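The structure under discussion appears below in the form of structure tokens.
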Amino acid sequence: MKTAVFSTKPYDRRFLEAANPGHGHELAFFEPRLTLETAPLAAEHEAVCVFVNDRLDRPVLQRLAEGSTRVIALRSAGFNHVDLMAARDLDLTVVRVPAYSPYAVAEHAAGLVLALNRKLHRAFNRVREGNFALHGLLGFDLHGRTVGIIGTGKIGAAFARIMAGFGCRLLAFDPEPSPECENLGVEYVGLIDLFASSDIIALHCPLNPHTHHLIGAAAIERMRRGVMLINTSRGGLIDTQAVIAGLKSGDIGYLGLDVYEEEADLFFEDLSGKVLRDDVFVRLLTFPNVLITGHQGFFTAEALERIAATTLGNITAFATGTGQMHEVGVEVLA
Ligand code: NAI
């Protein structure tokens with residue numbers, strides 16, 4: 001199938017080209033993000049392949065549907081950036097990669113916990129400058145601490161297994177508790193109890209209208225003073241201004257982010273020679289107890305191999321009507 005691949009980075013091209021011989025799709029790689037302005041690049045393409053910061057609102061989908069496009073293949077698990085109602089109205093099929101490596105994201109979340117706790121980001125710089133002093137680097141034992149996990153799907157469950165290995169007590173909130181987590185000893189509680197009892201809170205639920213700004217001023221007020229907050233899920237789960245206020249007051253003791261509400265204008269690009277215009281993001285960078293990575297939770301070789309294989313498999317299944325197609329329909333909005 002003629003497939004327009006947007007937001008192409010060299011690694012996307014490498015893994016998609018390696019997986020394509022079994023499928024034989026005609027892949028056209030475009031570096032820009034998909035927007036209303038770049039949508040005409042896809043005019044002749046039946047499939048459009050996109051990532052998390054591509055724009056898939058009604059006007060863009062309308063423009064794609066006016067051309068040859070029939071299927072939108074997400075190279076991601078999350079689909080919060082797609083107007084699914086518009087896709088249905090325009091008869092566009094949306095497919096995604098429901099699971100590629102929950103370990104990749106869960107291990108990254110655990111990495112943020114360890115780095116923040118033991119201040120590895122600061123220790124790295126100190127030692128390079130010949131400063132071997134330990135003051136300011138005091139951490140705490142993870143063993144015996146309480147970790148609250150919001151969302152225990154594939155990634156949340158993998159994170160629970162890792163933290164269980166450290167000897168943490170595990171609490172969770174999820175409207176659909178996981179039997180696997182219950183067997184691991186995870187205790188399901190209400191959100192308010194989770195906020196009140198957790199030393200570390202990790203977000204692993206999807207972003208949707210119910211979870212938008214789940215972590216705001218009211219939630220922070222209920223948390224333990226000095227809590228560690230980890231978000232590798234989607235930026236919109238956190239009200240960034242409220243979190244900045246919490247960091248300034250000391251209510252939040254540590255913040256680890258792999259995602260940010262306004263990341264579309266920042267992440268995945270080298271902006272090191274540019275002036276950052278997002279003052280909220282720049283404020284976050286000034287805190288010594290904040291560690292931010294640029295949406296790299298998914299970024300392991302195993303995950304990229306599976307993303308490429310599932311994405312091309314989805315397009316093949318759409319084209320041939322056979323094989324497994326991971327469609328996202330409007331029913332997920334219910
Ligand atoms: P999943 O669908 O397996 O699990 C999501 C879980 O969240 C489900 O158990 C669901 O019942 C639960 N949930 C739904 N609404 C909730 C609510 N209001 N409160 C608490 N829990 C709720 O998804 P998976 O694969 O575990 O991914 C989780 C999220 O991680 C994705 O939605 C995506 O946003 C993010 N992600 C981030 C990546 C990164 O590179 N940083 C890569 C892949 C996913």
Side-chain angles (χ1 to χ4, degrees), residues 7 9 11-12 50-53 74-82 84 96-113 147-162 170-182 184 186-195 198 201-216 219 230-238 256-261 263-264 266-268 291-304 306-307 310-311 326-329 331-334:
S7 296
K9 298 291 179 199
Y11 46 83
D12 295 308
V50 292
F51 199 46
V52 292
N53 289 330
L74 311 179
R75 304 197 291 280
S76 60
F79 46 83
N80 53 284
H81 54 313
V82 187
L84 291 174
R96 68 172 180 135
V97 186
Y100 41 91
S101 171
Y103 315 109
V105 186
E107 289 167 12
H108 191 74
L112 290 175
V113 171
V147 178
I149 304 172
I150 302 183
T152 52
K154 291 174 286 295
I155 294 171
F159 182 73
R161 286 193 297 272
I162 294 170
L170 300 174
L171 302 180
F173 172 74
D174 191 313
E176 293 178 38
S178 136
E180 186 211 333
C181 284
E182 283 172 329
L184 195 66
V186 174
E187 193 185 328
Y188 281 90
V189 294
L191 260 187
I192 290 176
D193 286 340
L194 184 146
F195 290 149
S198 302
I201 296 176
L203 305 178
H204 296 295
C205 60
L207 174 63
N208 58 40
H210 305 293
T211 58
H212 181 254
H213 284 188
L214 180 73
I215 306 299
I230 303 291
N231 186 10
T232 59
S233 200
R234 285 292 179 267
L237 295 175
I238 285 185
L257 299 180
D258 188 46
V259 287
Y260 168 61
E261 282 188 278
E263 69 176 53
L266 296 169
F267 287 4
F268 307 125
L291 182 50
I292 306 177
T293 52
H295 208 137
Q296 68 175 85
F298 72 100
F299 200 57
T300 67
E302 290 81 358
L304 290 192
R306 286 185 204 129
I307 289 171
T310 306
T311 300
H326 304 281
E327 187 171 355
V328 198
E331 65 281 356
V332 297
L333 301 175

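Atoms within a ligand are numbered from 1 in the order they appear, just like the ligands themselves. For clarity, every value in this text was computed on a predicted model and none was experimentally measured.
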Considering both backbone and side-chain atoms of D258, is one of its nitrogen or oxygen atoms within less than 3.5 Å of a nitrogen or oxygen in ligand 1? yes
Could an N or O of ligand 1 be found under 3.5 Å from any N or O of F298, whether backbone or side chain? yes
With E302, which residues qualify under side-chain hydrogen bond (donor to acceptor under 3.5 Å, both in side chains), at least two apart? none
Please indicate whether Y103 has more than 12 foreign heavy atoms, meaning atoms of other residues, nucleotides or ligands, lying under 6.0 Å from its OH. no
If you draw a 6.0 Å radius around CG in L191, do more than 12 non-hydrogen atoms from other residues or ligands fall strictly inside? yes
Taking 4.0 angstrom as the limit and counting only heavy atoms of [X], give me the atoms of ligand 1 inside it, by number and element.
X    : result
H204 : 5 (C), 28 (C)
H295 : 39 (C), 40 (O), 41 (N)
G297 : 40 (O)
F173 : 19 (N), 20 (C), 21 (N)
V105 : 38 (C), 42 (C), 43 (C)
I150 : 20 (C)

Which residue holds the protein heavy atom closest to [atom], what is that atom called, and what is the gap in Å?
atom                    : answer
atom 29 (C) of ligand 1 : S233 OG, 3.2 Å
atom 37 (C) of ligand 1 : T232 O, 3.2 Å
atom 2 (O) of ligand 1  : K154 NZ, 3.9 Å
atom 18 (N) of ligand 1 : T211 CG2, 3.2 Å
atom 32 (O) of ligand 1 : P206 CA, 3.4 Å
atom 4 (O) of ligand 1  : G153 CA, 3.2 Å
atom 44 (C) of ligand 1 : I155 CD1, 3.6 Å
atom 12 (C) of ligand 1 : D174 OD2, 3.1 Å

Is H210 in contact with ligand 1, taking contact as a heavy-atom separation below 4.0 Å? no
Which of V52, I292, T293 passes side-chain contact (heavy atoms from CB on, under 4.5 Å) with F267? Answer is I292
Determine whether a donor-acceptor pair (N or O, by modelled atom type, separation under 3.5 Å) exists between the side chain of [X] and the backbone of [Y].
X    : Y    : value
N80  : L207 : no
K9   : F268 : yes
N231 : L257 : no
S233 : C205 : yes
T211 : L214 : no

At under 4.0 Å between heavy atoms, is it the side chain or the backbone of F299 that contacts ligand 1, or both, or neither? neither
Under 30°, 30 to 60°, or over 60°: which ring-plane class applies to H204 and F159, parallel, tilted or perpendicular? tilted
Nearest non-hydrogen contact with atom 16 (C) of ligand 1 belongs to which option: G151, C181, P175? P175
Which is closest to atom 42 (C) of ligand 1 in terms of heavy atoms, F79, Y100, F159? Y100
Considering all heavy atoms of both residues, which atom of T152 and which atom of A172 are nearest to each other, and what is their separation? CG2-CB, 3.6 Å
Residues in ring pair (Phe, Tyr, Trp, His ring centres under 6.0 Å) contact with F298, at least two apart in sequence or another chain: F51
